[in-house]
Amino acid sequence: MNKIKDEVFGELRFDDVWLSEVTLTMFDNCISIELIVEGNDDDETIRDEQRNAYKLFLENTPSFINSVEKLVVEYTEQYLKEYGKPLLPNADIQKGIEPTGLLFPMVLNEGDIQFGFLFESKFDPEAGVGVRYLNGSFEVSTQDILT
């Protein structure tokens, strides 16, 4: 398995994508999730846009995490309502959502600053939840939003 030491992401191992682990506090729990960096060409290079997105994330982690937590809870409440399921207290929603990855996707448009969070969800186990940050705005949907 290939390993590299990137100047921003640090040590990464390659397994179809570049991987590492990152420790964050989310929903008042200290968690370790996968840090995923998608390669951008046949050589699986990491682009400056991805590095800049990670730097931005690191500089603003508390506010980004706060926004993501709110969006995931609101999205789940909307999902429950849409499918006629009983609404739950925020604490119960948070227990049913597990953060699994912080993704820095392949760069499709030069200059884009993009990253996202992947979540497993007991409320939607097939599609999960994904939150994407793109050039200053957040969007939440299923995990497919990040692929």
Side-chain angles (χ1 to χ4, degrees), residues 1 6 8-41 44-147:
M1 185 179 297
D6 183 79
V8 175
F9 288 104
E11 190 170 306
L12 299 168
R13 68 189 184 284
F14 189 77
D15 188 8
D16 291 324
V17 292
W18 294 105
L19 297 166
S20 184
E21 284 195 13
V22 63
T23 301
L24 303 168
T25 300
M26 188 169 276
F27 299 122
D28 296 323
N29 294 309
C30 184
I31 57 167
S32 183
I33 61 174
E34 278 194 315
L35 173 70
I36 306 159
V37 185
E38 292 182 339
N40 286 281
D41 51 31
E44 302 295 340
T45 57
I46 297 171
R47 301 244 329 240
D48 285 339
E49 288 90 342
Q50 292 165 301
R51 291 181 183 100
N52 292 338
Y54 190 48
K55 288 179 194 174
L56 180 70
F57 173 77
L58 291 174
E59 292 166 1
N60 298 283
T61 299
S63 65
F64 283 154
I65 296 286
N66 188 41
S67 295
V68 168
E69 289 172 341
K70 287 179 184 175
L71 286 167
V72 169
V73 169
E74 289 170 2
Y75 176 82
T76 302
E77 288 172 341
Q78 183 179 0
Y79 177 88
L80 294 172
K81 185 177 179 181
E82 185 175 322
Y83 287 93
K85 297 181 180 183
L87 289 179
L88 300 170
N90 283 1
D92 290 345
I93 290 174
Q94 292 171 5
K95 288 177 188 171
I97 298 169
E98 179 187 354
T100 58
L102 173 57
L103 172 68
F104 293 84
M106 173 186 314
V107 176
L108 299 177
N109 297 307
E110 191 172 324
D112 276 356
I113 300 298
Q114 179 176 200
F115 63 86
F117 280 90
L118 300 168
F119 296 86
E120 295 295 322
S121 171
K122 77 174 193 176
F123 308 106
D124 189 357
E126 287 185 32
V129 179
V131 179
R132 178 175 70 172
Y133 174 91
L134 176 61
N135 299 328
S137 297
F138 282 102
E139 186 178 0
V140 62
S141 186
T142 64
Q143 290 184 359
D144 291 342
I145 195 171
L146 293 163
T147 58

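On a predicted model such as this, the values are computed, not experimentally measured, just so you know.
Across Ala127 and Thr142, no two heavy atoms sit closer than the pair CB-CG2, 3.5 Å. Taking both residues in full, the closest heavy atoms of Ile36 and Gly101 are given as CD1-CA, 4.3 Å, listed atom of the first, atom of the second, then distance.
Panel note: side chain Ser137, backbone Leu134; no donor-acceptor pair is recorded below 3.5 Å. Using a distance-only test at 3.5 Å, with no hydrogens or angles considered, a donor-acceptor pair links the side chain of Gln143 to the main chain of Phe119. The backbone N or O of Gly111 sits less than 3.5 Å from a side-chain atom of Glu49, completing a donor-acceptor pair. Here the side chain of Gln50 pairs a donor or acceptor atom with the backbone of Pro105 at under 3.5 angstrom.
Under 3.5 Å, the side chains of Glu21 and Ser32 contain a donor-acceptor pair of N or O atoms.
Every residue two or more places apart in sequence or in another chain that forms a side-chain contact (heavy atoms from CB on, under 4.5 Å) with Ser20 is listed here: Leu12, Leu35. In terms of the side chain to side chain donor-acceptor pair (under 3.5 Å) criterion, Asn29 has no residue partners (sequence neighbours excluded). Every residue two or more places apart in sequence or in another chain that forms a side-chain contact (heavy atoms from CB on, under 4.5 Å) with Leu146 is listed here: Leu103, Leu118, Arg132. In this view, Glu82 satisfies the side-chain contact (heavy atoms from CB on, under 4.5 Å) rule with no residue, not counting sequence neighbours. The salt bridge (charged side-chain N to carboxylate O under 4.0 Å, His left out) test applied to Glu69 returns no partner, not counting sequence neighbours. Residues meeting the salt bridge (charged side-chain N to carboxylate O under 4.0 Å, His left out) test with Glu44, sequence neighbours left out: none. Checked against side-chain contact (heavy atoms from CB on, under 4.5 Å), Asp28 has no partners two or more places apart in sequence or in another chain. Taking the side chain to side chain donor-acceptor pair (under 3.5 Å) definition, one finds that Asn135 meets it with Asp112, sequence neighbours left out. Checked against side chain to side chain donor-acceptor pair (under 3.5 Å), Asn52 has no partners two or more places apart in sequence or in another chain. When the ring pair (Phe, Tyr, Trp, His ring centres under 6.0 Å) test is applied to Phe27, no partner is found at least two apart in sequence or on another chain. Residues that satisfy the side chain to side chain donor-acceptor pair (under 3.5 Å) test with Thr45, not counting sequence neighbours, are Asp41.
In this structure, Arg13 CZ and Trp18 CH2 are separated by 11.0 Å, a value rounded to the nearest 0.5 Å. Taking CD of Glu11 as the reference point, atom CG of Asp6 lies at 11.5 Å (rounded to 0.5 Å). A distance of 8.5 Å separates CZ in Phe9 from CG in Leu58, rounded to the nearest 0.5 Å. Rounding to the nearest 0.5 angstrom, the gap separating the CD atom in Glu98 from the NZ atom in Lys122 is 12.5 Å. Rounding to the nearest 0.5 Å places OH of Tyr79 at 12.5 Å from CD1 of Ile93. In this structure, the separation between CD on Glu77 and CD on Glu74 is 7.0 Å, given to the nearest 0.5 Å.
In this structure, the side chains of Phe57 and Val22 stay at 4.5 Å or more apart for every pair of heavy atoms. Side-chain contact between Val131 and Tyr75 is absent, with no heavy-atom pair separated by less than 4.5 Å. Taking 4.5 Å as the limit, every side-chain heavy atom of Leu108 sits out of range of all side-chain heavy atoms of Gln114. At least one side-chain heavy atom of Ile33 sits under 4.5 Å from a side-chain heavy atom of Phe117. Considering only heavy atoms from C-beta on, Gln94 stays 4.5 Å or farther from Thr76 through its side chain. Side-chain atoms of Val140 and Ile145, non-hydrogen and from C-beta on, never get closer than 4.5 Å to each other.
Counting only residues at least two apart or in different chains, side-chain hydrogen bond (donor to acceptor under 3.5 Å, both in side chains) contacts with residues 54-67 are absent.
The aromatic ring centroids of Phe64 and Phe115 lie less than 6.0 Å from each other.
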Checklist entry - Going through the distances and angles, do Ile65 and Thr25 end up as a side-chain contact (heavy atoms from CB on, under 4.5 Å)? => result CA-CA 8 Å; Ile65 296 286; Thr25 300; over 6 Å; no
